[in-house]
Amino acid sequence: MKRIEAIIKPFKLDEVKDALNRIGIQGMTITEVKGFGRQKGHAELYRGAEYIVDFIPKIKIDIIVPDDRVNETIEVIMNAARTGKIGDGKIFVSNIEDLIRIRTGQRGNDALN
């Protein structure tokens, strides 16, 4: 099993969620996060004073998928989240040693669905 973490622009969340649902990905965790990469933030004007916004609002999507669904899931996220502009985000993939469904005690792939 793999954990896929995708950091995306907030306005792309519905498109990504709908695209993942179309390929049968039902479970995901969404977190509102802030950060920066190459964007480095930006300056804004508020009541005549300029200030620097260092951290840009983003959405983090966490998904656990079986090994054979990783590439398909990544492609779907990339296609749905891409705007072609700086700040589209990143996708991280890591190994999951085990997964336990608390209610039933199921483990591994049995606990995924």
Would [X] and [Y] show up in the same hydrophobic cluster when neighbours are defined by side-chain heavy atoms closer than 4.5 Å?
{"X": "Leu13", "Y": "Ile91", "result": "yes"}
{"X": "Met28", "Y": "Ile100", "result": "no"}
{"X": "Ile30", "Y": "Met78", "result": "yes"}
{"X": "Leu20", "Y": "Phe92", "result": "no"}

Can you name the nearest heavy-atom pair linking [X] to [Y], along with the distance?
{"X": "Ile8", "Y": "Ala81", "value": "CG2-CB, 3.8 Å"}
{"X": "Val65", "Y": "Leu112", "value": "C-CD1, 4.1 Å"}
{"X": "Ile63", "Y": "Gly27", "value": "CG2-O, 3.9 Å"}
{"X": "Asp98", "Y": "Gly108", "value": "OD1-N, 3.4 Å"}
{"X": "Ala6", "Y": "Ile77", "value": "CB-CG2, 3.9 Å"}

- Connected hydrophobic set around Ile102, excluding itself, where side chains approach under 4.5 Å: none
To the nearest 0.5 Å, what is the distance between [atom1] ([X]) and [atom2] ([Y])?
{"X": "Arg107", "Y": "Thr104", "atom1": "CZ", "atom2": "OG1", "result": "11.0 Å"}
{"X": "Asn109", "Y": "Met1", "atom1": "CG", "atom2": "CE", "result": "5.5 Å"}
{"X": "Ile7", "Y": "Lys34", "atom1": "CD1", "atom2": "NZ", "result": "14.5 Å"}
{"X": "Glu5", "Y": "Ile64", "atom1": "CD", "atom2": "CD1", "result": "8.5 Å"}

- Only counting residues at least two apart or in another chain, list the ones meeting side-chain hydrogen bond (donor to acceptor under 3.5 Å, both in side chains) with Ser94.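 Listed in chain order: nothing, the list is empty.
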Determine whether [X] and [Y] make a side-chain contact, defined as any pair of heavy atoms from C-beta on separated by less than 4.5 Å.
{"X": "Ile59", "Y": "Glu32", "result": "yes"}
{"X": "Ile25", "Y": "Arg69", "result": "yes"}
{"X": "Ile4", "Y": "Ile61", "result": "no"}
{"X": "Val33", "Y": "Phe55", "result": "no"}

Can any side-chain N or O of [X] pair as donor or acceptor with the backbone N or O of [Y] at less than 3.5 Å?
{"X": "Thr83", "Y": "Lys85", "answer": "yes"}
{"X": "Lys58", "Y": "Gly87", "answer": "yes"}
{"X": "Asn95", "Y": "Lys2", "answer": "no"}

